[in-house]
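Owing to the predicted nature of the structure, the values given are computational and were not obtained by experimental measurement. Lettering follows sequence order; numbering is per chain, from 1. All values below come from the heavy atoms of this structure, side chains included, with hydrogens, waters and symmetry mates left out.
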There are 2 protein chains.
Amino acid sequence: MGLEAAPGALEAEEIQARGFGRVREAHAAELLEDYAELIDDLVRDGGQARATEIARRLGVSHVTAVKAVARLEREGLAVSQPHRGVKLTEEGAALAAHARARHRLVLDLLLALGVPAEDAKADAEGIEHHVSPATLAAFARFLKGK
Amino acid sequence: MGLEAAPGALEAEEIQARGFGRVREAHAAELLEDYAELIDDLVRDGGQARATEIARRLGVSHVTAVKAVARLEREGLAVSQPHRGVKLTEEGAALAAHARARHRLVLDLLLALGVPAEDAKADAEGIEHHVSPATLAAFARFLKGK
DNA sequence: ATTTGCTTGTAGCCAAGGCTACATTAACCC
DNA sequence: GGGTTAATGTAGCCTTGGCTACAAGCAAAT
Ligand SMILES: [Mn+2]
Ligand SMILES: [Mn+2]
Ligand SMILES: [Mn+2]
Ligand SMILES: [Mn+2]
């Protein structure tokens, strides 16, 4: 195969590098999105979000959860008082709403394609963070038109 | 809403925690899969995979690429000689083949759903690592039956 | 055979996201 | 009120995956 300056080759490489870059960005944002969504869930149907419960839901130690909550606070997404649970700021709530809608749509698509519910839930938890607006729109079109 | 032992609630929380755990595992495996696939690509149509080229394709510094290649070697997936490029071991090649097939299927699904090619490529780069065998099978069924 | 320039290697730094072990504090029950 | 239990906080450690800056190596051209 021609190795020398195949037409469009440079461009293809750049697209690839951009793709990897987007994956790295998604991973950096991921933890914040998952925590925001989870805190919102817990507050919704329990009135409060305690560190230990967050940890249990995520399957991590309470120390890990506490450090992550500290990061949310640093980034202005949440506030917490000792022994009083965590609450989302307005910005955090907006992030949670956005994350939840996207997550829901991804899950619905998987279910519509016939993926068993348990697998669909587990996979959606990762996939949601890698779905661009364009892809999300395509998912929505498919679900509507099905 | 009832907070006390809603039926199936415990189970749902465990499923959620398992989902997050699977995401963490996927992320730990991700780098190895991407590197294996990329090295395989480069060897296929260039005869060799040099650290600098790997770095360029991934959009990272050469130091990052070199360290990652060292990790591949540590894990028995690749071998490299100084100034002679990187080669996959049998195990590495198997991983690359698996990753490539899955990646391809994910990309094809996105394209089939009408996602623009550039977005599809970028998103597939992240999504591929979160697709369980069950989901992959559902994607294949959809593509066949479409 | 030198120079020059890309490629590779090394040192040392950083933040994120995990963990265990131990200390402190709050809540609850008696 | 005191004791017990559970939640929270703190200290300190680890690995991963990034980076910059500088050193060394190789190859190609003059
Ligand atoms: Mn989510
Ligand atoms: Mn998630
Ligand atoms: Mn990938
Ligand atoms: Mn991911």
Side-chain angles (χ1 to χ4, degrees), chain A residues 17-36 38-39 42-43 46-75 77-87 125-126 129, chain B residues 3-4 13 17-39 42-43 46-75 77-87 125-126 129:
Chain A
R18 249 205 313 276
F20 283 117
R22 269 161 70 164
V23 172
R24 288 191 295 269
E25 279 166 30
H27 286 163
E30 171 159 355
L31 179 130
L32 298 174
E33 293 171 354
D34 284 338
Y35 271 78
L38 177 54
I39 290 168
L42 292 172
V43 169
Q48 52 179 4
R50 316 300 290 278
T52 301
E53 181 61 18
I54 294 171
R56 207 170 64 81
R57 295 285 194 105
L58 286 164
V60 297
S61 77
H62 82 276
V63 183
T64 296
V66 164
K67 282 209 329 187
V69 168
R71 190 181 150 205
L72 264 81
E73 296 200 57
R74 236 188 299 141
E75 310 219 0
L77 299 170
V79 288
S80 75
Q81 292 137 318
H83 294 270
R84 281 276 192 85
V86 191
K87 281 187 310 185
E125 195 58 73
H129 309 282
Chain B
L3 308 184
E4 297 283 323
E13 291 163 23
R18 249 205 312 274
F20 283 117
R22 267 160 70 164
V23 172
R24 288 190 295 269
E25 280 166 30
H27 286 164
E30 170 159 356
L31 179 131
L32 298 174
E33 293 171 355
D34 284 337
Y35 272 78
E37 198 183 339
L38 177 54
I39 290 167
L42 291 173
V43 169
Q48 53 179 3
R50 315 302 288 278
T52 300
E53 181 61 17
I54 294 172
R56 207 170 64 82
R57 294 285 193 105
L58 286 164
V60 296
S61 76
H62 82 274
V63 182
T64 296
V66 164
K67 281 209 328 190
V69 167
R71 190 179 150 207
L72 265 80
E73 295 199 59
R74 237 189 298 138
E75 310 217 1
L77 298 170
V79 289
S80 75
Q81 293 136 318
H83 295 267
R84 281 276 192 84
V86 190
K87 281 187 311 183
E125 195 59 74
H129 308 282

Peer 1: Among B:I39, B:V86, B:L32, B:V69, whose side-chain contact (heavy atoms from CB on, under 4.5 Å) with B:L77 holds?
Peer 2: B:L32

Peer 1: Identify, with sequence neighbours excluded, every residue that meets salt bridge (Lys or Arg N to Asp or Glu O under 4.0 Å) alongside B:E37.
Peer 2: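 Salt bridge (Lys or Arg N to Asp or Glu O under 4.0 Å) list for B:E37, sorted by chain: empty.
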
Peer 1: Between C:dG17 and A:T64, is there an OP1 or OP2 to side-chain N/O distance shorter than 4.0 Å?
Peer 2: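 Checking C:dG17 against A:T64, no side-chain N or O comes under 4.0 Å of OP1 or OP2.
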
Peer 1: Please name all residues satisfying salt bridge (Lys or Arg N to Asp or Glu O under 4.0 Å) with B:R22, sequence neighbours left out, ordered by chain then number.
Peer 2: A:D119, A:D123

Peer 1: Please name all residues satisfying salt bridge (Lys or Arg N to Asp or Glu O under 4.0 Å) with B:E75, sequence neighbours left out, ordered by chain then number.
Peer 2: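 Listed in chain order: B:R71.
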
Peer 1: Can you list every salt bridge (charged side-chain N to carboxylate O under 4.0 Å, His left out) pair that touches residues 27-36 of chain B, not counting sequence neighbours?
Peer 2: B:E33-B:R102

Peer 1: Can you list every pair that meets side chain to side chain donor-acceptor pair (under 3.5 Å) and has a residue in residues 58-68 of chain A, with sequence neighbours left out?
Peer 2: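 Applying side chain to side chain donor-acceptor pair (under 3.5 Å) to every pair that reaches into residues 58-68 of chain A, excluding sequence neighbours, yields A:S61-A:T64.
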
Peer 1: Roughly how many Å is it from CD1 in A:I54 to C1' in C:dG17, rounded to a whole number?
Peer 2: 16 Å

Peer 1: Indicate every side-chain donor-acceptor pair of residues 48-56 of chain B with a distance under 3.5 Å to a residue at least two apart or in another chain.
Peer 2:
from  : atom 1 : to    : atom 2 : distance (Å)
B:R50 : NH2    : B:H83 : O      : 3.2
B:E53 : OE1    : B:R56 : NE     : 3.2
B:E53 : OE2    : B:R56 : NH2    : 3.3
B:E53 : OE2    : B:R57 : NE     : 3.2
B:R56 : NH1    : A:E13 : OE1    : 3.3
B:R56 : NH2    : A:E13 : OE1    : 2.3

Peer 1: Taking only residues two or more places apart in sequence or in another chain, which ones pass side chain to side chain contact (heavy atoms under 4.5 Å, CB included) with A:A68?
Peer 2: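 A:A68 satisfies side chain to side chain contact (heavy atoms under 4.5 Å, CB included) with A:L31, A:Y35 once adjacent residues are dropped.
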
Peer 1: Near DNA chain D, counting only heavy atoms under 4.0 Å, which residues of residues 20-35 of chain A show up?
Peer 2: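 When residues 20-35 of chain A is checked for heavy atoms under 4.0 Å from DNA chain D, the hits, listed by number, are A:R24.
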
Peer 1: Are any protein N/O atoms closer than 3.5 Å to N/O atoms in nucleotides 7-12 of chain C? If there are, list each pair with its distance.
Peer 2:
from  : atom 1 : to    : atom 2 : distance (Å)
C:dT8 : OP1    : B:R50 : NE     : 2.9
C:dT8 : OP1    : B:R50 : NH2    : 3.3
C:dT8 : OP2    : B:T52 : N      : 3.0
C:dT8 : OP2    : B:T52 : OG1    : 2.6
C:dG9 : N7     : B:H62 : NE2    : 3.1
C:dG9 : O6     : B:H62 : NE2    : 3.1

Peer 1: Expressed as a whole number of angstroms, how long is the span from B:H129:NE2 to D:dT16:C1'?
Peer 2: 16 Å

Peer 1: How would you label the contact of A:R56 with the nucleic acid (heavy atoms, under 4.0 Å): base, sugar-phosphate, or nothing?
Peer 2: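 If one applies the 4.0 Å heavy-atom cut-off, A:R56 turns out to touch nothing in the nucleic acid.
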
